[in-house]
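The next block holds one structure in the form of structure tokens; read it before the comments.
Convention: sequence-line order gives letters A, B, ...; per-chain numbering from 1.
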Amino acid sequence: MNSADVLSLCKRRGFIWPAYEIYGGIAGLYDYGPLGTAMKNNIIEAWRRAYTLGEGFVEIDSDTIGPEAVFKASGHVDQFADKLVTCTQCKTPFRADHLLKDKHPNPGALNFEELDAEIAKHGVACPDCEGELSRSEEFNLMFKTTIGPGSAGRVGYLRPETAQGIFVNFNSLLRYMRERLPFGVIQVGRGYRNEISPRQGVIRLREFNMMEAELFVDPNDKTWPRFRDVRHETLRLVPNEPGDKEVVMSLEEAVEQRVVANETLAYFLWFTQRFLIMVGVDAERLRFRQHLKNEMAHYAADCWDAEALLSFGWTEIVGVADRGCWDLSRHIEFSKVDMSVLMRYDSPVEVEREVIKPKFNLMGPEFKAKAKLVGNALEESDPKEIKGDHIVVLVEGSPLKVDRKYFDVVKVKEKVPGERVVPHVIEPSHGLDRIMYTCLEHAYTEKQDKEGNYIVMRLSPISAPIKVGVFPLMGKEELITPAGEIDWTLRMNGVLTSFDDSGSIGRRYARMDEIGTPFCITVDYQTLEDGTVTIRERDSTEQVRVRKDEVVAILTSLLCGSADFVSLKAK
RNA sequence: GCAGGUGUAAUCUAGCGGUUAGGAUUUUAGCCUUCCAAGCUAAACACCCGGGUUCGAAUCCCGGCACCUGCACCA
């Protein structure tokens, strides 16, 4: 099996196919067909429920386009505004302005033509191999656009991740969450990166689907209440130590041995693992690898990738990062809006401290109009700065010596309700397209039969786009009618079915196997006699006969995992 | 973005200067069929796009696009 087989099936059966094919296609753009869309929605729904119902996160939906300031603050503009030249010999890319550092007073300000001219003028060659350099070109992974008409428009970008949409809404979210940490916010949406060379099918796309969760926590408390419940669960980890050694350890061990930085991060590694396995990632082909220090994103303090073993090798499908306070601090800095949270003490702490109290009645005659300013400066000063008989304060930017006789030092008591902190962020960020592809590749099994390859997609019932195939054993009216009734009943109970009365029964089973439909119901002549139908399970191809009025209840429990086929068969 | 390779129906492929562009799978209609891609009869669907060479191009040449492999890149 290779990725071409999977992609070929995806196209043939309507999961995923290259976009704009009638115009020759665009690398890095793929569309989801009917089955792919249904499956994608199933994965999203499972994820959404895990976070909102399971962990009490809230979901928002923010814009995909944003003004430049947002991405200046996030760091994305500067990370990708580089102008690059590439060596035509050894192919090493260099930042053009760096190469001109000694040759030009301000190379960072040059445009492409000027850079090329300067490089030619000074005969700059490749620092590595002396090879000739290519022309300079922009290297910016964000799609740039203009918000608003013409030259009056503001520079904007398509978001390279959904996360910023949560950070910029932090204050509104904090209010909504009644100003208490920790709280979590999720978002599902598209992100855009103008990749240099998209490859490997849907693994690197220019427009992609993400599911991101941002958990805001108290930086002084990265414990997690539910950690206790799962502390004995295990993770397969590759810590960032020399040798790339893989270790299996419990969450508890991982945190105690400081392999994983804190409980919350460890909990969400496990949470991610559970989700991935639930939607159909093979547990044997899943591990978590810690980012190397030099690999870490500009915002991350620690980061673990969930990696799936695909035909391309180990591939990142989820990143679980401790982003620290990077994002919020940057938005505070750039927007000048406070985004700190008051962590209240159990009861307000009464503290006594010394403050400077200006004697305005004496200062008036001395400092005249500036008396008020001087007084304010004194109030803001620390009594520790008093030097003998005077203190130096800053008034309108210049130091001013103020004599001791103009102020008193008094003790005041004040109540401090808590400490203001900028929350830290734990971010599980999921590449939905990659997860979906992983589910498809891990589900793909083929065996030889007389026709050639017989393909079964062993998709998880949760992800499978079609849940049940409903067939009359043969295309006869007396069988089609009752089968049609069962099909209708299932659909009206929220189970997506596929009704098929064409060709042979074997062909119809095969068709369902190839798109991963977990169960098939067949109405045969016995149904007409005793009202029973058969349920066939995809992976074992075994059948069990049940009363047709029980079909909905049985299938519903089979699909959600509260019943399993083996014990149903034993009954 | 660089180098090499490849583009024929939805899929796999034959054809390598002159073919009504062939086959298989698939799909559709009908017949047949009492549980795992059965059979029969019809039908549908293709030379990646644009130039050039030639009397004549799916076939040769050039450019573009896409895919594959390696390199680089992947915050």
Side-chain angles (χ1 to χ4, degrees), chain A residues 2-5 7-14 17-30 33 71 74-82 84-94 131 134-135 137-142 160-161 193-201 203-206 291 294-300 303 312 315-316 319 321 326 431 447 449-456 469 471-476 478-479 502-514 520-529 533-538 540-543 545:
Chain A
N2 58 44
S3 61
D5 295 332
L7 286 171
S8 160
L9 179 136
C10 283
K11 183 175 178 189
R12 191 155 36 85
R13 288 305 192 182
W17 52 61
Y20 307 112
E21 250 198 324
I22 61 167
Y23 291 105
I26 301 271
L29 297 182
Y30 280 77
F71 301 107
S74 73
H76 289 99
V77 169
D78 295 329
Q79 294 291 324
F80 298 113
D82 300 342
L84 288 192
V85 290
T86 310
C87 172
T88 55
Q89 298 295 316
C90 69
K91 313 301 180 203
T92 315
F94 299 98
S134 72
R135 297 179 54 168
E137 52 202 356
E138 184 166 40
F139 180 73
N140 191 329
L141 255 55
M142 284 197 293
E161 58 174 13
R193 296 178 194 185
N194 202 356
E195 296 285 354
I196 297 170
S197 89
R199 273 291 171 86
Q200 302 171 321
I203 295 303
R204 198 177 321 158
L205 296 171
R206 290 187 164 130
H291 274 206
N294 60 9
E295 180 186 16
M296 214 90 76
H298 58 269
Y299 49 71
C303 186
F312 314 111
T315 305
E316 174 194 355
W326 205 87
K447 58 184 186 224
D449 71 356
K450 53 190 181 299
E451 293 290 315
N453 283 346
Y454 188 99
I455 298 169
V456 182
F471 316 138
L473 183 59
M474 285 183 298
K476 297 278 193 244
E478 68 266 30
L479 298 178
S502 74
S504 73
I505 188 76
R507 178 184 301 277
R508 285 176 267 159
Y509 285 144
R511 212 180 262 142
M512 288 297 110
D513 286 345
E514 204 179 37
C520 293
I521 291 173
T522 301
V523 169
D524 56 14
Y525 286 98
Q526 193 179 329
T527 309
L528 304 182
E529 292 163 20
V533 297
T534 61
I535 299 179
R536 168 197 184 263
E537 195 219 13
R538 177 194 63 207
S540 63
T541 76
E542 289 185 4
Q543 289 179 321
R545 192 164 269 282

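Rounding to whole angstrom units, CD of residue Glu537(A) and C1' of rC36(B) are separated by 14 Å. Taking atom CD on Glu316(A) and atom P on rC73(B), their separation rounds to 17 Å, with Å as the unit. As rounded to whole Å, 15 Å separates atom C1' of rC36(B) from atom CZ of Arg538(A). Summarising the geometry, the separation between CE on Met142(A) and P on rC74(B) is reported as 15 Å, rounded to the nearest angstrom. Spacing between atom OH of Tyr20(A) and atom P of rC65(B) amounts to 17 Å, rounded to whole angstrom units. Between Leu29(A) atom CG and rA66(B) atom P there is a gap of 10 Å when expressed in whole angstrom units. Atom CZ in Arg206(A) sits roughly 11 Å away from atom P in rC65(B) (whole-Å rounding). The distance between atom CD of Gln200(A) and atom C1' of rA66(B), rounded to the nearest whole Å, is 16 Å.
Look at rU33(B): it lacks any Watson-Crick or wobble partner with both distances under 3.5 angstrom. Across the strands present, rC2(B) finds its partner in rG70(B); the criterion is a Watson-Crick or G-U wobble pair with both atom distances under 3.5 angstrom. Searching all strands for a Watson-Crick or G-U wobble partner of rG63(B) with both distances below 3.5 Å returns rC49(B). With a 3.5 Å ceiling on both atom-pair distances, rU19(B) lacks any Watson-Crick or G-U wobble partner. Remark: rA42(B) base-pairs with rU28(B). Criterion, Watson-Crick or G-U wobble with two distances under 3.5 Å.
OP1 or OP2 of rA38(B) has at least one side-chain nitrogen or oxygen of Arg507(A) nearer than 4.0 Å.
Environment of OH in Tyr20(A): sparse, with no more than 12 heavy atoms of neighbouring residues, nucleotides or ligands closer than 6.0 Å.
Nearest heavy atoms, Ile505(A) versus Pro472(A): CD1-O, 4.4 Å.
The side chain of Ala27(A) approaches rA66(B) more closely than any other nucleotide in the set rC12(B), rA10(B), rA66(B). With distances taken from any side-chain atom of His76(A) to the nucleotides rA75(B), rA37(B), rU11(B), the minimum falls on rA75(B).
Among residues two or more places apart in sequence or in another chain, the salt bridge (charged side-chain N to carboxylate O under 4.0 Å, His left out) test is passed with Arg538(A) by none.
Between the side chain of Arg199(A) and the base of rU69(B) there is at least one donor-acceptor pair of N/O atoms closer than 3.5 Å.
Among the heavy atoms of the strands, none lies under 4.0 Å from Gly319(A). The residue Arg12(A) sits close only to the backbone: its heavy atoms come under 4.0 Å of sugar-phosphate atoms, none of a base.
Nucleotides of RNA chain B nearest to Pro198(A) and Glu21(A) differ in position, and the one nearer the 5' end is that of Glu21(A). For the pair Ile26(A) and Arg13(A), nearest-nucleotide mapping onto RNA chain B gives the more 5' position to Arg13(A).
Here the CZ atom belonging to Phe471(A) is positioned 9.5 Å from the CD1 atom belonging to Ile521(A), to the nearest 0.5 angstrom. Distance check, rounded to the nearest 0.5 Å: CE of Met142(A) to CZ of Arg193(A) gives 10.5 Å.
Spacing between rU54(B) and rU8(B) at atom P, rounded to whole Å, works out to 28 Å. Nucleotides rA72(B) and rU13(B) are separated by 35 Å at their C1' atoms, to the nearest Å. Nucleotides rC47(B) and rG17(B) place their C1' atoms 15 Å apart, quoted to the nearest Å. Spacing of C1' atoms, rG15(B) relative to rA57(B), comes out at 14 Å, to the nearest Å. Straight-line distance between the P atoms of rG56(B) and rC40(B): roughly 44 Å, to the nearest whole Å. To the nearest whole angstrom, the two C1' atoms, one in rA46(B) and one in rU19(B), are 15 Å apart. Comparing the same atom, P, in rA10(B) and in rC62(B) gives a spacing of 29 Å after rounding to whole Å. Distance noted for atom C1' between rA9(B) and rA43(B): 15 Å (whole Å).
Ion pair Glu21(A)/Lys11(A) flagged as a salt bridge, since at least one NZ, NE, NH1 or NH2 atom sits closer than 4.0 Å to an Asp/Glu carboxylate oxygen. A salt bridge does not link Lys476(A) to Asp524(A): none of the charged nitrogens lies less than 4.0 Å from a carboxylate oxygen. Using a cutoff of 4.0 Å between basic side-chain nitrogens and carboxylate oxygens, Glu514(A) and Arg13(A) are scored as salt-bridged.
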Anything under 3.5 Å between a protein N or O and an N or O of nucleotides 28-35 of chain B, put it in a table, one pair a line.
| unit_1 | atom_1 | unit_2 | atom_2 | d |
| --- | --- | --- | --- | --- |
| rC35(B) | O2 | Tyr509(A) | OH | 2.6 |
| rC35(B) | O2 | Gln543(A) | NE2 | 2.6 |
| rC35(B) | N3 | Tyr509(A) | OH | 3.4 |
| rC35(B) | N3 | Gln543(A) | NE2 | 2.9 |
| rC35(B) | N4 | Asp524(A) | OD2 | 2.9 |
| rC35(B) | N4 | Thr534(A) | OG1 | 3.0 |

### Task
Determine, stepwise, if the pair Arg12(A) / Asp5(A) fulfils salt bridge (charged side-chain N to carboxylate O under 4.0 Å, His left out).
CA-CA 10 Å; Arg12(A) 191 155 36 85; Asp5(A) 295 332; over 6 Å; no
